[in-house]
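When reading the values below, keep in mind they use all heavy atoms of this one structure, side chains included, and skip hydrogens, waters and symmetry mates.
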Amino acid sequence: MTEPIRRRLIVAITGASGAIYGVRILQELRRHPEWESHLVMSSSGALTAAQELSMKRSEIESLADVVHSVKDIGASISSGSFATDGMVIAPCSMKTLASVALGMADNLVSRAADVALKERRRVVLLARETPLNLAHLRNMTSVTEMGAIVCPPVPAFYNQPKSLDDVVNHTVGRVLDLFGIKHTHLLERWDGLRKPIVNQEV
């Protein structure tokens with residue numbers, strides 16, 4: 001009996017603040033045995049994760065099905081013939097954003113993103129920076145024109161989050177939505193106002 005074909009998602013973690021987003025995505029993918037996660041993490045991403053989460057590189061790598069070195073330009077995910085459903089860069093540093101926007105393919109993160117874009121696969125960038133300068137904005141425009149989705153991890157307050165986990169999970173849930181990955185526990189979906197708003201004259 002042949003094994004069922006698993007869908008593949010590339011998860012990249014780069015050096016911007018917000019390593020928890022990439023880690024939480026990997027954790028959620030483990031709930032879905034039909035999905036195979038491919039992790040590539042930059043050295044800056046590992047450094048940030050250690051600072052923010054007190055997690056070693058090995059601990060994060062253990063969450064993924066397949067781990068690739070950021071220096072391995074010959075990895076499977078560097079070729080368009082290797083079928084994936086796309087890629088999420090979480091978080092996405094402004095340096096990585098620029099590399100993707102310019103098609104530099106100077107490491108496996110930007111090469112894998114370049115491949116996914118040329119194959120017209122979904123690429124989601126959790127761009128993490130504020131305030132934004134003109135170079136950041138132009139690079140966001142560029143990658144959007146190329147077909148990527150810029151998805152800054154902006155918190156939603158309509159669901160009245162009670163913790164930082166609630167804020168993180170909401171963004172992670174929205175990212176999984178973009179890849180059609182089903183979930184029921186990550187976010188409270190908008191279903192209209194809880195109660196009518198009464199207009200009051202000032």
Side-chain angles (χ1 to χ4, degrees), residues 3-14 16-41 45-46 48-49 52-55 57 59-68 76-77 82-93 96-97 100 109 112-113 116-117 119-128 140 143-144 147-194:
E3 290 285 334
I5 298 175
R6 301 173 73 189
R7 300 175 68 180
R8 298 167 174 146
L9 182 64
I10 302 167
V11 179
I13 297 176
T14 65
S17 181
I20 185 60
Y21 291 107
V23 169
R24 189 64 50 81
I25 289 169
L26 290 171
Q27 291 170 335
E28 289 302 320
L29 286 173
R30 291 176 69 86
R31 295 173 175 263
H32 298 270
E34 72 277 17
W35 283 84
E36 179 179 279
S37 58
H38 285 251
L39 171 65
V40 54
M41 180 166 47
T48 302
E52 295 181 348
L53 306 174
S54 297
M55 291 184 74
R57 175 187 281 270
E59 293 177 286
I60 298 172
E61 291 178 342
S62 70
L63 298 173
D65 293 303
V66 182
V67 177
H68 304 278
S76 58
I77 59 175
F82 185 77
T84 73
D85 281 74
M87 179 175 187
V88 55
I89 306 178
C92 180
S93 67
T96 298
L97 172 68
V100 175
V109 174
L117 289 170
E119 298 294 332
R120 306 301 189 266
R121 296 168 185 161
R122 178 145 289 183
V123 176
V124 177
L125 311 177
L126 271 68
R128 177 61 177 78
M140 289 181 185
V143 296
T144 301
I149 297 175
V150 179
C151 181
V154 177
F157 295 102
Y158 60 79
N159 58 354
Q160 299 180 355
K162 302 297 189 300
S163 67
L164 185 57
D165 263 355
D166 288 344
V167 172
V168 170
N169 286 340
H170 183 92
T171 292
V172 170
R174 295 299 302 274
V175 170
L176 297 186
D177 284 349
L178 290 171
F179 290 95
I181 301 173
K182 304 298 182 184
H183 58 89
T184 58
H185 63 287
L186 290 172
L187 58 87
E188 180 181 346
R189 297 191 182 278
W190 177 253
D191 192 29
L193 295 173
R194 292 185 175 86

Mind listing the closest non-hydrogen atom pair of [X] and [Y] along with its distance?
X      : Y      : result
Leu126 : Ala90  : CD2-CB, 3.8 Å
Val109 : Ala12  : CG1-CB, 3.9 Å
Ile60  : Ala49  : CD1-CB, 3.4 Å
Ser93  : Ala16  : CA-CB, 3.7 Å
Ala113 : Val123 : O-CG2, 4.1 Å
Ala19  : Pro91  : CA-CD, 3.8 Å

Side-chain donor or acceptor of [X] paired with backbone N/O of [Y] under 3.5 Å:
X      : Y      : result
Thr48  : Ser17  : no
Glu52  : Gly18  : yes
Lys162 : Gln160 : yes
Arg122 : Leu178 : yes
Thr144 : Met140 : yes
Arg6   : Pro33  : yes

Quick one: pull up [atom1] in [X] and [atom2] in [Y] and give me the separation to the nearest 0.5 Å.
X      : Y      : atom1 : atom2 : value
Ile89  : Leu97  : CD1   : CG    : 8.5 Å
Arg189 : Leu187 : CZ    : CG    : 4.5 Å
Ile13  : Tyr21  : CD1   : OH    : 13.5 Å
Asn169 : Leu186 : CG    : CG    : 5.0 Å
His183 : Arg31  : NE2   : CZ    : 11.5 Å
Leu125 : Met87  : CG    : CE    : 8.5 Å

Q: Apply the side chain to side chain contact (heavy atoms under 4.5 Å, CB included) test between Gln27 and each candidate in Ile25, Val23, Leu29; give the one that qualifies.
A: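 Among Ile25, Val23, Leu29, the one that satisfies the side chain to side chain contact (heavy atoms under 4.5 Å, CB included) with Gln27 is Val23.
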Q | CZ (Arg174) with more than 12 external heavy atoms under 6.0 Å | A |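 Atom CZ in Arg174 is not crowded, with 12 or fewer foreign heavy atoms closer than 6.0 Å.
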Q. Between His32 and Phe179, does the ring centre distance come in under 6.0 Å?
A.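 That pair fails the under 6.0 Å test.
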Check whether any side-chain heavy atom of [X] sits under 4.5 Å from a side-chain heavy atom of [Y], and report yes or no.
X      : Y      : answer
Arg121 : Asp85  : no
Val88  : Ile10  : no
Leu39  : Val66  : no
Pro161 : His170 : no

Q.
For Leu53 and Ile20: C-alpha separation, side-chain torsions, deciding distance, then whether side-chain contact (heavy atoms from CB on, under 4.5 Å) applies.
A. CA-CA 7 Å; Leu53 306 174; Ile20 185 60; 4.0 Å; yes
Q: Classify the ring geometry between His68 and His38 as parallel (under 30°), tilted (30 to 60°) or perpendicular (over 60°).
A: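 Because their plane-to-plane angle is under 30°, the rings of His68 and His38 count as parallel.
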Q) Can you list the steps and then say if Arg8 with Asp65 is a salt bridge (Lys or Arg N to Asp or Glu O under 4.0 Å)? A) CA-CA 10 Å; Arg8 298 167 174 146; Asp65 293 303; over 6 Å; no
Q: Apply salt bridge (Lys or Arg N to Asp or Glu O under 4.0 Å) to the pair Arg24 and Glu28, showing each step before the final yes or no.
A: CA-CA 6 Å; Arg24 189 64 50 81; Glu28 289 302 320; 5.6 Å; no
